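To start, the structure under review is shown below, and the notes come after it.
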2 protein chains.
Amino acid sequence: MDPHLLRTFVTVARLRSFSAAAGELGYTQSAISQQIAALESDLGLPLLSRRPVEPTPAGERLLEHAGPLLLRLRAARADVLRAAAPPAYRLRLAATPLALNATLAGRLARARAAQPRLEVTVLGCGREDVAALVASGEAEIGLADGVAAPSDPLRLPESGPLTVVGVAEEELVVALPPGHPLAGRPGLRLADLVDARWLQTTLCPLERLRALQGEGFPAALDHRGDDVQTVLNLVRAGHGLTLLPAPLLPATLPATLLPATLPTALPTALPGAPLSAGPLPAAPGASGACGVPLLTPRLVHRVEMLHGALPPGPAADLARTLEAREQA
Amino acid sequence: MDPHLLRTFVTVARLRSFSAAAGELGYTQSAISQQIAALESDLGLPLLSRRPVEPTPAGERLLEHAGPLLLRLRAARADVLRAAAPPAYRLRLAATPLALNATLAGRLARARAAQPRLEVTVLGCGREDVAALVASGEAEIGLADGVAAPSDPLRLPESGPLTVVGVAEEELVVALPPGHPLAGRPGLRLADLVDARWLQTTLCPLERLRALQGEGFPAALDHRGDDVQTVLNLVRAGHGLTLLPAPLLPATLPATLLPATLPTALPTALPGAPLSAGPLPAAPGASGACGVPLLTPRLVHRVEMLHGALPPGPAADLARTLEAREQA
DNA sequence: CGGGTCCATCACAGTTGCTTATAGCAGGTG
DNA sequence: CACCTGCTATAAGCAACTGTGATGGACCCG
């Protein structure tokens, strides 16, 4: 079970061709053939059917393991090298679309003001990629967002011993089209909305709601993608409901009423965050869609930061700044 | 990053000696020396300090990765072989101490009655070992128990793509010494007990309670081990409180009162389980300690079954029987 | 200071794993 | 039906690797 052979195996299975895999990996076709033969004789099983080249059932099992295995291997290497790397002034931040919100963007600005030499790259990616990018060393720090009960951790796919810290929690609102009968309510209960039409989005997968609340939540429209404006437009046009972080939507009530109706202050609305980039105090141009606070169950839009061993220096400083002092 | 070298590295680090590792792995000392040198030159970092032999910081990082990595490698191999194995009549069941409760022991008896040729071995082990034993093929099926909110999954350490199903949930009670002032209550709230003296046990780690309820739960006595009788004796002697599955303790109220006071029927007390081994309807000899139902938060003692790809045959049948029909 | 223990290094040998060359097989085509 | 083409399997040769055994230097201890 040499990782080398494993890599060859997944390449052959992906390309469904020995010769093509040979080309991609820079070997001769003969070498590929021998490697696959070695793997099969090691396990004592055929892993690929030839002509056409397709994984056997046993090969399918192996494929399921091979990906995470090779990822962890890269992660181990990256982590060890990171532990002994000199302080770097380049920092790559892997972030899901809603993770880098106003609060965190502000903290990032603060960190850059304190450390002008720091070059920051933000890599937008999906929720399932963040951990992989950080673990394999393609990003120093990851930010992932999701829906969770307050102070409950998100469940991100594991890919090694990464440090995971919650860095922000924002109130969640139900996004409604402007004329919706519920739009005037001071708050809503998720249980009352199990039969409503819902959008299936990557930001708020219905699977997650069903796990939290029970069956229901029929999918009215399935949106694959991560563009918030598109989702807002779909809501506005009445395609269905979805949950979004409160700062993205204007409240339907006069602002003076809101603080009293909300059960607790938002944990992220702490003092001491004088952002150099404005914190967008009013909602951006949602033009129509409006949000009603979700009262029960208590759910929040949570952002977690993940990173491996950071060398002391700007990267570690930034991590500390992003973390801010949530517990103090 | 050959797994072979990785295995050598962890052995050397564990034994803190090249020569001893050579003996254990069946190589010469020279080979070990060369393997470590190869690993270090591959990563470009010293991983071990010599004389005395100790991991460097980078080596420590690598050690953290190496264990899970090698486990997953074994898991992959075992899983592939399992997928293509002939139906086996030997079945090894890895179970934590409280996992094989009366309900599941009954289901196991039913399965064995239906399949007399089946040879069953039960491997007692800790919560953190179950997944590893199943993944690496040392057990076909695993049973792990823990404290969780109703129908919430336990969080077991990952070690590959295993199927995880909840198979039983039992009510939790607070175990109290007989003369305790709270012993007569119909139910208790965890929030009222944050300042009580608690036992730290493997069955109910206080860390878990703090995660569910918040700070508090001072540890009065730390019990390392998994013997329930010992824990009951400690409770009876007043060393502290703990949470235990209800069937282990006699109720403090007349049995006729209980069904009315409990919010819901126990999910595992389903009809259709005529156990050939008696289901122990009364509590075993708890002799003194008694249990008071835990009302809020709603917590249960949950048992999960985990397994990889099971070949059709007795093993798969048993898995189905253990699973019973929870959803029907 | 001498013996013992431990790791590093060197030289050598067996094995592994690659390349080149060629054989075998299935499918398309005139 | 014969032939060509594109694919994988096999054989032979060669280079690199990975082990063994022997040896050397550093350190500890009596």
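Reminder, nothing fancy here: chain letters follow the sequence lines and each chain counts from 1. Predicted, not measured: the structure shown is a model, and the values here were computed from it.
Here A:S33 reaches the OP1 or OP2 of D:dA9: one of its side-chain N or O atoms lies under 4.0 Å away. In terms of phosphate contacts, A:S19 brings no side-chain nitrogen or oxygen within less than 4.0 Å of OP1 or OP2 of D:dC7.
Scanning for side chain to side chain donor-acceptor pair (under 3.5 Å) contacts around A:R14 gives A:E24, with sequence neighbours left out. With sequence neighbours left out, the salt bridge (Lys or Arg N to Asp or Glu O under 4.0 Å) criterion links B:E207 to B:R210.
The list of salt bridge (charged side-chain N to carboxylate O under 4.0 Å, His left out) pairs with a residue in residues 128-138 of chain A, not counting sequence neighbours, is empty.
Minimum atom distance to the side chain of A:S30 is reached by D:dT10, of the listed D:dT10, D:dT20, D:dT8.
At most 12 heavy atoms of other shown residues, nucleotides or ligands fall within 6.0 angstrom of atom CZ in A:R90.
B:L25 places its CG atom 16 Å from the P atom of D:dT18, with the value rounded to the nearest Å. A:I32 places its CD1 atom 14 Å from the P atom of D:dC7, with the value rounded to the nearest Å. Counting to the nearest Å, the C1' atom of D:dC17 and the CG atom of B:L5 are 12 Å from each other. One interatomic measurement links the two molecules: OH of A:Y27 to C1' of D:dT8, which rounds to 19 Å at whole-angstrom precision.
Atom CD of residue A:E64 and atom CG of residue A:L69 lie 12.5 Å apart, to the nearest 0.5 angstrom. Interatomic distance, CD1 of A:I32 versus CZ of A:F18, reported as 8.5 Å (0.5 Å rounding).
No donor-acceptor pair closer than 3.5 Å links the side chain of A:R61 to the backbone N or O of B:R82. Within the 3.5 Å criterion, the main-chain N or O of B:T8 finds no donor-acceptor partner in the side chain of B:Q35. Checking side-chain atoms of B:T11 against main-chain N and O of B:R7 turns up a donor-acceptor pair under 3.5 Å.
Heavy atoms of B:Q34 sit under 4.0 angstrom from at least one base atom.
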Please list each protein N or O that sits under 3.5 Å from an N or O in nucleotides 23-30 of chain D, with the distance.
none

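Of the residues near DNA chain D, B:A38 and A:V53, the one whose nearest nucleotide (by heavy atom distance) lies more toward the 5' end is A:V53.
Salt-bridge annotation for B:R320 and B:E323: absent, with no side-chain N of the basic residue lying under 4.0 Å from a carboxylate O of the acidic one. With salt bridges taken as basic N to acidic carboxylate O contacts below 4.0 Å, one links B:R50 and B:E40.
Each end of the helix from C:dC1-D:dG30 to C:dG30-D:dC1 yields a helix axis from five base pairs, and these two axes differ in direction by 10° (to the nearest 10 degrees).
Contact footprint of chain A on DNA chain C: nucleotides with an atom under 4.0 Å from a non-hydrogen protein atom, first to last in 5' to 3' order, C:dC18 to C:dA26.
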